[in-house]
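Taking it in order: structure first as structure tokens, then the write-up.
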Amino acid sequence: MKKKFDFAIVGGGLAGLTAALHLSQNGFQVVLFEKNSYPHHKVCGEYISNEVLPYLKSLGIDPFEKNARHINQIQITNHKGKIVQAALPLGGFGISRYCLDHFLYEKVKQQAEIQQETIFDIQFKETYFQLDALSKKQFQATYVIGAFGKRSNLDKALNRSFIQRKTPWLAVKAHYKASFPNDLVALHHFQGGYAGLSKVENNHVNCCYLVSNRVFAKYKNIDDFQEKELRKNPHLDLFLNEAKPVFEKPLTISQISFERKKPVVNHIFMIGDSASLIHPLCGNGMAMAIKSAKILSEVFIEDKNAIVSALEETYTSKWENEFSSRLQAGALLQKVVMNRNLLTTGMWLNRSSKKLIPYLISKTHGKPF
Ligand SMILES: Cc1cc2nc3c(=O)[nH]c(=O)nc-3n(C[C@H](O)[C@H](O)[C@H](O)COP(=O)(O)OP(=O)(O)OC[C@H]3O[C@@H](n4cnc5c(N)ncnc54)[C@H](O)[C@@H]3O)c2cc1C
């Protein structure tokens with residue numbers, strides 16, 4: 001007879017790994033599926049809000065053991081190089097996903113089962129779920145947690161509406177050797193997007209940018225784009241003059257959707273980006289992924305014997321309470337920061353923005369948890 005797990009978690013990014021840790025520490029039998037091997041790099045700005053620290057520490061994870069960098073300043077520049085700098089309301093830290101996800105993976109594998117598998121089908125069978133992997137293996141679990149990120153083959157299998165629509169965004173990330181302040185995250189605007197720069201644990205500088213397909217399509221490739229468009233911002237020009245790439249070539253992802261999704265689909269509990277992705281310049285997607293894993297784990301721990309419809313209702317309402325207004329504020333922040341007219345006239349890159357920026361950022365962040 002096949003082993004039946006309490007929870008099958010599909011996706012081993014920050015959301016899935018955190019939920020696996022929390023649930024298994026509370027006595028549940030957990031299996032986590034991740035299609036890639038660890039460690040691996042991911043397209044991400046790699047600035048993470050301090051709000052996660054108390055919770056991560058309660059799970060036995062201290063990012064500063066891995067030399068994460070304290071970051072407490074934000075700088076925003078327009079394409080002409082005009083700067084505004086402010087203190088980050090809560091601050092955060094810089095650590096690569098290569099390091100952080102692997103750190104969590106090492107902890108999870110001591111207490112839960114991890115399978116390197118791509119799940120392609122999840123069927124609800126009234127009292128349990130059946131999961132089918134590309135390897136042809138089948139697994140069974142009482143509950144399934146969807147932690148498969150912003151875009152997955154499973155979104156197609158589940159016929160989720162956002163996956164039917166094309167989106168105008170693409171993102172590029174690479175690490176560099178360069179001199180850069182330890183405590184700063186810089187957001188440099190250029191036509192069609194912005195690039196974030198900040199340090200990670202090994203002193204490398206993460207450069208991650210989001211750009212519209214429309215603008216990127218004018219250039220031959222990433223090098224051409226960086227040379228001719230990114231360098232128009234004098235701060236990026238200065239950075240690229242000195243920076244030595246660490247990766248053979250940058251990582252890219254496309255079709256990034258910021259559409260609102262549902263936190264429960266076909267009785268699958270969604271966490272992290274599978275439940276919705278906040279605009280990356282808020283620097284809060286990772287904290288939201290971790291927090292949603294906490295909220296869901298607590299729903300199950302607090303009421304082990306509740307019927308599934310009650311669990312779904314409780315999770316949906318807690319998720320909406322925690323994240324709805326943050327997602328709205330994130331969309332607004334994106335509009336303000338990406339508005340070329342505002343940036344060109346420098347209307348908000350003045351003294352009042354020293355207050356406005358921390359205010360807008362605080363609206364997209366939660367309190368330490
Ligand atoms: C350009 C950009 C920059 C960003 N910068 C920041 C930042 O600086 N700070 C911040 O806080 N947030 C940032 N974010 C957001 C952040 O990266 C995400 O919110 C976070 O990674 C969400 O974690 P997750 O666990 O939900 O998803 P992921 O980390 O994407 O993990 C999902 C996992 O599921 C696996 N998977 C998918 N399908 C399957 C399947 N069928 N079977 C098995 N495994 C599967 C994938 O391989 C993946 O490992 C950024 C996002 C973008 C796009």
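In listed order, ligands and their atoms are each counted from 1.
Between the Asn266 side chain and the Ile268 main chain, no donor and acceptor come within less than 3.5 Å of each other.
Looking only at heavy atoms of the protein, atom 19 (O) of ligand 1 is closest to Asp273 OD1, 2.7 Å. The single protein non-hydrogen atom nearest to atom 27 (O) of ligand 1 is Gly149 CA, 3.6 Å, given as residue, atom name and distance. Closest to atom 34 (O) of ligand 1 among all protein heavy atoms lies Gly11 CA, 3.2 Å. Among protein heavy atoms, atom 5 (N) of ligand 1 sits closest to Gly45 N, 2.8 Å. Scanning the protein for heavy atoms near atom 28 (P) of ligand 1, the closest one is Lys42 NZ, 3.6 Å. Scanning the protein for heavy atoms near atom 38 (N) of ligand 1, the closest one is Ser152 OG, 3.0 Å. In this structure, atom 23 (O) of ligand 1 lies nearest to the protein heavy atom Ala289 CB, 3.8 Å. Regarding atom 11 (O) of ligand 1, its nearest protein heavy-atom neighbour is Met286 N, 2.9 Å.
Remark: Ile163 engages Arg151, Asp155, Lys156 in a side-chain contact (heavy atoms from CB on, under 4.5 Å) (not counting sequence neighbours). Remark: Asn153 pairs with no residue by the side chain to side chain donor-acceptor pair (under 3.5 Å) rule, at least two apart or across chains.
Set against the non-hydrogen atoms of Cys208, the atoms of ligand 1 under 4.0 Å away are 1 (C), 3 (C). Remark: ligand 1 atoms within the under-4.0 Å shell around heavy atoms of Glu46 are 7 (C), 8 (O). Remark: ligand 1 atoms within the under-4.0 Å shell around heavy atoms of Ile119 are 40 (C), 41 (N), 42 (N). Close contacts of ligand 1 with Asn284, meaning ligand atoms under 4.0 Å from a residue heavy atom, involve 10 (C), 11 (O). Close approach of ligand 1 to Ala15 (heavy-atom distance below 4.0 Å) involves ligand atoms 25 (O), 26 (O). Per-residue contacts place Asn36 under 4.0 angstrom from the following atoms of ligand 1 (heavy atoms of the residue considered): 47 (O). Residue Leu154 approaches ligand 1 through these ligand atoms, each under 4.0 Å from one of its heavy atoms: 41 (N). Atoms of ligand 1 found under 4.0 Å from any heavy atom of Thr118, numbered from 1 in the order shown, are 41 (N), 42 (N).
Ligand 1 has an N or O atom lying under 3.5 Å from an N or O atom of Asn153, backbone or side chain. Between Val10 and ligand 1, no pair of N/O atoms sits closer than 3.5 Å. Here's the thing with Ser274: none of its N/O atoms is less than 3.5 angstrom from an N/O atom of ligand 1. Taking distance alone, with nitrogen or oxygen atoms compared against 3.5 Å, Leu14 approaches ligand 1 more closely than that limit. Between Ala287 and ligand 1, no pair of N/O atoms sits closer than 3.5 Å. The N/O atoms of Glu34, backbone and side chain alike, include one that comes under 3.5 Å of an N/O atom in ligand 1. Residue contacts with ligand 1: Ile253 is placed with no nitrogen or oxygen under 3.5 Å of a nitrogen or oxygen of the ligand (distance criterion only).
The aromatic rings of His175 and Phe247 lie tilted to each other, with the angle between the two planes from 30° to 60°.
Side-chain contact, Lys125 with Gln140: no donor N or O sits under 3.5 Å from an acceptor N or O. There is no side-chain donor-acceptor pair under 3.5 Å between Glu227 and Tyr219. Remark: the Thr77 side chain and the Asn233 side chain contain an N/O donor-acceptor pair separated by less than 3.5 Å. Checked by atom type, the side-chain pair Ser37/Gln116 shows no donor-acceptor distance below 3.5 Å. A donor-acceptor contact closer than 3.5 angstrom links the side chains of Gln115 and Glu113.
A cation-pi contact links Lys261 to Phe162, judged by a cut-off of 6.0 Å to the six-membered ring centre and 45° from its axis.
When all heavy atoms are compared, the tightest approach of Asn203 to Arg69 is OD1-NH1, 3.3 Å.
The heavy atom nearest to atom 15 (C) of ligand 1, out of those in Gly196, Ser292, Gly285, is found in Gly285.
Using a 4.0 Å cut-off between charged nitrogen and carboxylate oxygen, Arg326 and Glu51 count as a salt-bridge pair. A salt bridge between Glu46 and Lys173 is present, with a side-chain N of the basic residue lying under 4.0 Å from a carboxylate O of the acidic one. Checked for salt-bridge contact, Glu320 and Arg260 meet the test: a charged N lies under 4.0 Å from a carboxylate O.
Checked against the 6.0 Å centroid threshold, Tyr98 and His41 count as a close aromatic pair.
Distances from ligand 1 to the non-hydrogen atoms of Met288 include no value under 4.0 Å. Residue contacts with ligand 1 include Glu117, since one of its heavy atoms falls under 4.0 Å from the ligand.
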